[in-house]
Amino acid sequence: MRLEGKIAVITGTAGGIGRATALRFAEEGAAIVGADVTEVANNETASLVQQAGGTMISVTVDVTNSDSVAAMITTAEQHFGRVDILFNNAGVMLAGDDDAITTSDEIIDRTLSINVKGVIYCCRHGIPALRRAGGGSIINTASFVASLGAATPQIAYTASKGAVLSLTRELAVIHAREGIRVNALSPGPLQTEMLMSFLDTEEKRQRRLVHVPMGRFGQASEMANAALFLASDESSYMTGANLQVDGGLTAAYVTPEG
Ligand code: NAD
């Protein structure tokens, strides 16, 4: 098994990528601390992991609150003895996020608070735990929008994911000699609740797929497999990288559909 005996803290495990990753990591032998602000759905994830023969405790966390994040890490260490993997995956894409002229202060502040400050808080409290464990792997979920601009803007979300990418590089450099690797995972457009509720008609979905060389949306399970590689020792010489798992989207200029 690829994560035998490892302890993984994953945020955003109530659904989507986080839930798929909790299931995948557990399948590979990791014990999971799954953390989310949404308690009921997160408990469901823990049940699913347990039904599949894995181990997960669910923790309620608000990543915008430093004390809450500190408590998440403390719970992980008290329960399992240490933390080896930290997957900072919780994030939001809010309705009303538009261009620089129309997007409200509230949307900007909330998006940056969850998507950027949340990742920094997880690193603030998670890095000392990884040090105590003698090293480990941090994965931060960015997005293809950190690398490409869109004429259908979500300015706060895009800015937040650009920040995740740049802070990932910096943390990777700072902590490289402590055996702590820090990489970003940039998913392409996925068939998850987050994106499908935004692209709420078939026409909008097809319009988006024109830009994806593979011509389909990705699955949360495909992100879980990419996160598994970054979490495991198989990626032992990778740090500060941005793993783009996007059906070829960021490689494309003209796609097969033109
Ligand atoms: P999702 O909405 O299913 O998962 C996000 C999770 O984060 C939710 O369970 C939510 O409850 C949790 N969360 C939100 N605010 C929180 C807070 N303050 N504290 C703790 N948890 C909080 O969506 P997903 O698609 O699985 O997204 C996971 C990550 O992937 C996000 O960072 C997202 O930006 C990124 N992403 C998604 C796509 C896509 O197409 N779905 C593409 C690129 C990047």
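The basis for the numbers below is simple: all heavy atoms, side chains too, and nothing from hydrogens, waters or symmetry mates. All values derive from a computational prediction rather than experimental measurement. Note that ligands are numbered from 1 as they come in the structure, with each ligand's atoms numbered from 1 the same way.
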Heavy-atom check, side chain of T60 versus side chain of V37, under 4.5 Å: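 SC-SC contact between T60 and V37 ruled out.
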Contacting atoms of ligand 1, where contact means under 4.0 angstrom from a heavy atom of V61: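 Listed by number with element, the hits are 19 (N), 20 (C).
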Those atoms of ligand 1 less than 4.0 Å from some heavy atom in T38: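 Result: 11 (O).
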For [X] and [Y], does a side-chain donor sit closer than 3.5 Å to a side-chain acceptor?
| X | Y | answer |
| --- | --- | --- |
| R181 | S235 | yes |
| N43 | S58 | yes |
| S236 | D233 | no |
| S186 | N242 | yes |
| N42 | T38 | no |
| H211 | T255 | no |

Can you tell me which portion of [X] lies within the under-4.0 Å heavy-atom range of ligand 1? Options are side chain, backbone, both, or neither.
| X | value |
| --- | --- |
| F217 | neither |
| V37 | both |
| T192 | side chain |
| K161 | side chain |
| A220 | neither |

Just going by heavy-atom distances, which of [options] is nearest to [atom]?
| atom | options | result |
| --- | --- | --- |
| atom 19 (N) of ligand 1 | N42, T13, T45, V63 | V63 |
| atom 28 (C) of ligand 1 | N89, T64, N65 | N89 |
| atom 38 (C) of ligand 1 | G188, G15, G218, S197 | G188 |
| atom 36 (N) of ligand 1 | Y157, F144, F198 | Y157 |
| atom 2 (O) of ligand 1 | M196, R208, M72, M194 | M194 |

Within-cutoff protein neighbour (heavy atom, under 4.0 Å) for atom 32 (O) of ligand 1: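 There is a protein heavy atom less than 4.0 Å from atom 32 (O) of ligand 1.
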Cluster link V116 to Y157, ILVMFWY, side chain under 4.5 Å: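 No, separate clusters.
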Option from V164, V119, T168 for which side-chain contact (heavy atoms from CB on, under 4.5 Å) with N88 holds: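 So the option named by the test is V119.
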Students should be able to answer this: which protein heavy-atom is nearest to [atom], and at what distance?
| atom | answer |
| --- | --- |
| atom 11 (O) of ligand 1 | D36 OD1, 2.6 Å |
| atom 40 (O) of ligand 1 | L190 N, 2.9 Å |
| atom 24 (P) of ligand 1 | I17 N, 4.1 Å |
| atom 5 (C) of ligand 1 | G91 O, 3.5 Å |

Close N or O approach (S143, ligand 1; < 3.5 Å):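 Between S143 and ligand 1, no N or O pair is found under 3.5 Å apart.
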Member of N89, T192, T45 meeting the side chain to side chain donor-acceptor pair (under 3.5 Å) criterion with R19: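 The single option meeting the side chain to side chain donor-acceptor pair (under 3.5 Å) with R19 is T45.
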Separation of R2 CZ from E27 CD (nearest 0.5 Å):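 Answer rounded to 0.5 Å: 10.0 Å.
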